[in-house]
4 protein chains.
Amino acid sequence: MTKENITIAALRLFLLRGYKYVSLVDIAGEAGITKGGIYHYFGSKEEVLCTALHYLFDRFEAKYQELFSCSQGVREILDTVIAEREMERYTYQLLGIRKGDYRLNFAGLILEVIQNFPEIQGRIDRNHALFCQAIETKLKQAMEQGEIRSDLDSHALAILILTMLNGQNSLGEQLNTPLLRKQMMDNLWQLLDRK
Amino acid sequence: MTKENITIAALRLFLLRGYKYVSLVDIAGEAGITKGGIYHYFGSKEEVLCTALHYLFDRFEAKYQELFSCSQGVREILDTVIAEREMERYTYQLLGIRKGDYRLNFAGLILEVIQNFPEIQGRIDRNHALFCQAIETKLKQAMEQGEIRSDLDSHALAILILTMLNGQNSLGEQLNTPLLRKQMMDNLWQLLDRK
Amino acid sequence: MTKENITIAALRLFLLRGYKYVSLVDIAGEAGITKGGIYHYFGSKEEVLCTALHYLFDRFEAKYQELFSCSQGVREILDTVIAEREMERYTYQLLGIRKGDYRLNFAGLILEVIQNFPEIQGRIDRNHALFCQAIETKLKQAMEQGEIRSDLDSHALAILILTMLNGQNSLGEQLNTPLLRKQMMDNLWQLLDRK
Amino acid sequence: MTKENITIAALRLFLLRGYKYVSLVDIAGEAGITKGGIYHYFGSKEEVLCTALHYLFDRFEAKYQELFSCSQGVREILDTVIAEREMERYTYQLLGIRKGDYRLNFAGLILEVIQNFPEIQGRIDRNHALFCQAIETKLKQAMEQGEIRSDLDSHALAILILTMLNGQNSLGEQLNTPLLRKQMMDNLWQLLDRK
DNA sequence: CATGAATGAGATTTCATTCAT
DNA sequence: TATGAATGAAATCTCATTCAT
C-alpha cells in the first residue's frame with residue numbers, strides 16, 4: 001500500500017519534472033511519509049525510478065492490448081489514441097490527477113532515462129515493440145477486412161504512428177491543440193483510406 | 001573566441017547527457033579552461049544553457065531556410081530531412097564531432113528545458129514555428145506547381161512532418177534504422193503524391 | 001535462549017568487523033530474528049555490546065582460571081597460550097564457528113571499545129588484571145618449586161606476557177605464523193629458564 | 001598547505017577516536033575550513049584516511065631509520081622506544097599536540113583499517129616489516145660487537161619487540177605506567193644481556 | 001514475543017557560485 | 001582574463017530507535 005503510494009507519487013513527480021529534478025524529500029512529501037521511510041521499500045532512488053517505470057509500462061501494455069484488440073474500427077481507435085490522446089488521459093487517471101493540475105511529460109522522462117540508465121533501456125524498447133505489435137496486428141486485420149488499403153507495409157505504418165505519438169509530446173501548446181491533432185489524424189486517414 | 005568555445009563545449013555535453021547531468025567542471029574541462037573562468041563570460045549555468053540553445057537555434061533556423069528555399073523538389077528535401085536526418089548530421093558538424101563518437105539526444109534536451117526553464121520555452125516554440133513555416137511555404141509552392149496533391153491542409157501537414165521528426169528521436173536503435181526511415185518516408189509520399 | 005542467540009550473533013559480528021561496522025539489521029539477521037525484536041531484550045545497541053563483552057569476559061576469566069590453575073608446568077601452559085593461541089581457539093569454539101570461516105579481531109574490538117565506550121573500560125581493565133593475576137600466581141608457584149628462575153619480578157613478567165599476547169593480534173599474517181610464535185616462546189623461555 | 005592541514009587534522013581525530021567515529025564535519029572544523037572544502041583536495045573520506053596514513057607511515061619509517069641507525073647502544077635505543085614510548089612522543093610532536101591533551105590509539109586505528117580497508121593493508125604490512133628490519137639490523141650489529149648475547153635468532157627477537165610495542169597500546173593506564181614499562185625493559189634486557 | 005512500518009538525526013557527497021589573487 | 005580555494009545548500013543514503021499491531 002505505502003509502497004504503491006510511493007511508486008505513484010514518484011511517477012507523478014518524475015513525469016512532471018524529470019528524474020533529476022525530483023528529490024527524495026519531494027517524493028516523500030507527495031507520498032505522505034518521510035525521506036527515510038522510502039528506504040524501507042527501495043534500496044535507492046534509482047530503484048524507485050525502475051519500479052515506477054515498470055509499474056507504468058505494465059499498465060500501458062495492458063492498455064495497448066485493450067485498445068487495439070477491441071472490436072472498434074481502426075479509424076475510431078486511431079482517433080482515440082492520436083486525436084484524443086487516450087494514453088495521456090489514462091496516465092492522469094492512473095496517477096489520480098486531473099488533467100488541468102499538472103502537465104506530464106512522458107517523452108522527456110523516457111529520453112532522460114534512455115540516456116542515463118542503461119538497465120531500463122530494455123524495458124523501454126520492449127514497451128515500444130509491444131505497442132508497435134498491437135497496432136500492426138490491428139492494421140493487418142483491417143487490411144484483410146478491406147477496412148483500409150492493403151498495399152502499404154503494416155510494420156512501417158505502425159512505427160509511423162508510434163513516431164507521431166511520441167513526437168506530439170515535444171510540441172508546445174500552440175502546435176498541440178485538439179483541432180490540429182484532429183487534422184493530423186485526417187491526413188493520416190487520407191493515407192490509409194481505401195479511397 | 002573563448003566564449004564560443006565554452007558555448008559549443010556546453011552544447012555538446014548538454015546534448016549528450018542532458019543539462020542536469022553536466023557539471024560546470026565538465027564543461028570547463030571540455031572547453032579547456034577552469035570552472036571559475038566560465039563566470040567571466042556567463043552569469044550562471046542556466047545562462048550557459050540559454051546561450052547554447054540560442055546559438056543552436058540561430059543556426060538551425062538559418063539551416064531551415066537554406067533547406068526549404070532551395071530549388072529542389074519537396075520529395076528530395078523531405079528525404080534529406082526525414083530519411084537521412086540532415087539536421088542531426090548538421091548538428092554533428094556544427095559541434096565538431098564525428099557521428100560515431102557521440103550519440104546526441106536533441107529531443108531529450110528540449111524536453112528537459114521545456115519542463116524546467118520557462119524562459120527558454122518561447123525560443124523553442126519560435127523555432128518550431130519557423131520550422132513549420134518553412135515547410136508550409138514549400139508545401140504550398142509544391143501544391144501550386146502540381147508537384148503534390150493540393151486538397152490537403154498545408155499547415156496541418158507541416159505539423160505532421162515536424163511531429164514525425166521529433167518522434168524519431170524517442171525511438172530506440174531498432175526502430176530508427178535507415179531502412180525504416182525510408183519506409184516511413186515512402187508512406188508519407190503515398191499521402192502527398194498527386195497519384 | 002533468544003537473548004543468548006542475539007548476544008552470540010552480535011559478538012561474532014563485532015569481533016569480525018568492529019562495532020561501528022555492524023548494524024542491528026546485521027545482528028538480527030545473524031540471530032534469525034528482526035531488528036525490532038532485539039529491543040525486547042536490549043535497550044540499545046550499546047547495551048548489546050556491553051552484554052556481549054561481559055558474556056565473553058565471563059567465559060574468558062573462567063578459562064584463565066582453568067588454564068593457569070591446572071597442574072601442568074609453566075612452559076606447557078605458556079606454549080598453549082602464546083604459541084598455540086588457545087584463547088583464540090576457545091573464542092571460535094564459543095561462537096560456534098570454524099576457524100577458517102572467519103578471522104576474528106579481538107584486539108581491534110577492544111581498542112574501539114576502549115576509545116569510545118568509557119563505561120566498559122572498567123570491565124576490560126578487570127579482565128586484564130585477572131589475567132595478570134592468574135599468570136602471576138602460576139609464576140610464583142613455579143619460582144618456589146624451582147621450575148623457573150626466581151630473581152625476576154613476577155608481576156612485571158605477567159604484564160610482559162599479557163603485552164605479548166595483545167601485541168600478537170596486531171600483526172599481519174606474515175608476522176604471526178605458528179613458527180614465529182614458537183620462536184618467540186623459545187626466546188621467552190630463555191629468559192625464564194633457570195639455566 | 002591546506003591539504004596538509006586537513007591531513008593532520010584528520011590524522012589527529014582518527015587516532016583519537018577511530019575512522020568511523022570521525023565525521024567530515026569534525027575534520028573540517030579541526031582544519032579550520034568547511035565540509036565541502038575537503039572535497040577540493042580529496043575525492044572521498046576514505047582517500048583522506050589513506051593520505052593521512054601514508055603521511056604518518058612516511059614519517060614513522062624515517063624515524064625508525066633515525067632511531068636504529070644511530071650510534072647509541074641497543075639498550076639505550078630499546079629504553080627510548082619501549083620504556084619512554086618514543087614513537088608515541090614523536091606522533092604527538094608531529095600532530096602538534098601536547099601529550100596531556102589527547103590519548104592517541106595508534107593500534108586501534110590500524111586494526112580498524114586492516115579489517116575494513118584492504119587497499120591500505122599493504123602499506124601497514126610494509127611498515128611493520130620495515131620496523132622489524134630496522135630492529136633486526138641493529139640487533140645483528142650488537143651481537144657481532146659482543147654487546148648482547150649472540151645465540152638468539154635476531155628475526156624472532158625483532159618480532160618479539162614489535163609485538164611488545166603493539167601490545168602496550170592495548171593496556172589500560174594501570175598496566176602501562178613508566179615504572180612497569182621500565183621493569184618490562186629490564187626483563188627484556190635480562191634476556192639479551194651477554195651475562 | 002515479535003514484526004515491520006516509520007522516523008529523524010546525521011553522514012557522505014555533489015556542485016553552482018563567489019572571490020581573492 | 002583566468003585560476004583555484006572555499007563556501008553552503010541540497011541531495012542521497014544509513015541506521016538506531018520507536019511504536020502500533
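Below, chain A is the first sequence line, B the second, and so on; all start at residue 1. What you see is a predicted model; the values in this text were computed from it and never measured.
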B/S/- contact track for nucleotides 13-21 of chain F, protein heavy atom under 4.0 Å: BB-BBB---
E:dC1 versus F:dT21 - spacing of their P atoms, nearest Å: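 These two P atoms come out 22 Å apart once rounded.
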Whole angstrom value for the distance that separates [atom2] of [N] from [atom1] of [X]:
X       : N      : atom1 : atom2 : value
D:Ile6  : F:dT7  : CD1   : C1'   : 13 Å
D:Phe42 : E:dC15 : CZ    : P     : 20 Å
B:Ile38 : F:dG4  : CD1   : P     : 13 Å
C:Asn5  : E:dC1  : CG    : C1'   : 14 Å
A:Leu49 : F:dA11 : CG    : C1'   : 16 Å

D:Glu112 side chain to C:Glu112 backbone, donor-acceptor under 3.5 Å: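 Not confirmed, D:Glu112 side chain does not pair with C:Glu112 backbone.
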Residue met sooner reading DNA chain E from 5', once A:Lys3 and C:Ile33 are mapped to nucleotides: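 The answer here is C:Ile33.
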Test item: side-chain donor near acceptor, B:Tyr55 and B:Glu4, under 3.5 Å: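 Yes, a side-chain donor-acceptor pair sits under 3.5 Å.
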Close aromatic pair by centroid cut-off 6.0 Å: C:Phe14 and C:Phe106: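 No.
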Ring centres under 6.0 angstrom apart (D:Tyr92, D:Tyr102): no
Contiguous pairing runs of three or more, Watson-Crick or G-U under 3.5 Å, that involve DNA chain F: E:2-21 with F:2-21
Contact summary for D:Ile27 and D:Val48, nearest pair of heavy atoms: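 Where D:Ile27 meets D:Val48 most closely, the heavy atoms are CD1-CG1, 4.5 Å.
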Short side-chain N/O contact from C:Thr2 to OP1 or OP2 of E:dC1, under 4.0 Å: no
Chi angles and distances behind the side-chain hydrogen bond (donor to acceptor under 3.5 Å, both in side chains) call for D:Ser23, D:Asp26: CA-CA 5 Å; D:Ser23 80; D:Asp26 297 332; 3.3 Å; yes
Where at least one partner belongs to residues 21-42 of chain D, residue pairs that pass ring pair (Phe, Tyr, Trp, His ring centres under 6.0 Å), sequence neighbours excluded: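 Applying ring pair (Phe, Tyr, Trp, His ring centres under 6.0 Å) to every pair that reaches into residues 21-42 of chain D, excluding sequence neighbours, yields nothing.
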Other residues, nucleotides, ligands: >12 heavy atoms within 6.0 Å of A:Arg59 CZ: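 Yes, CZ of A:Arg59 has more than 12 neighbouring heavy atoms, counting only those of other groups under 6.0 Å.
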Salt-bridge contact D:Arg123-D:Asp58 (side-chain N to carboxylate O under 4.0 Å):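 Yes, this pair counts.
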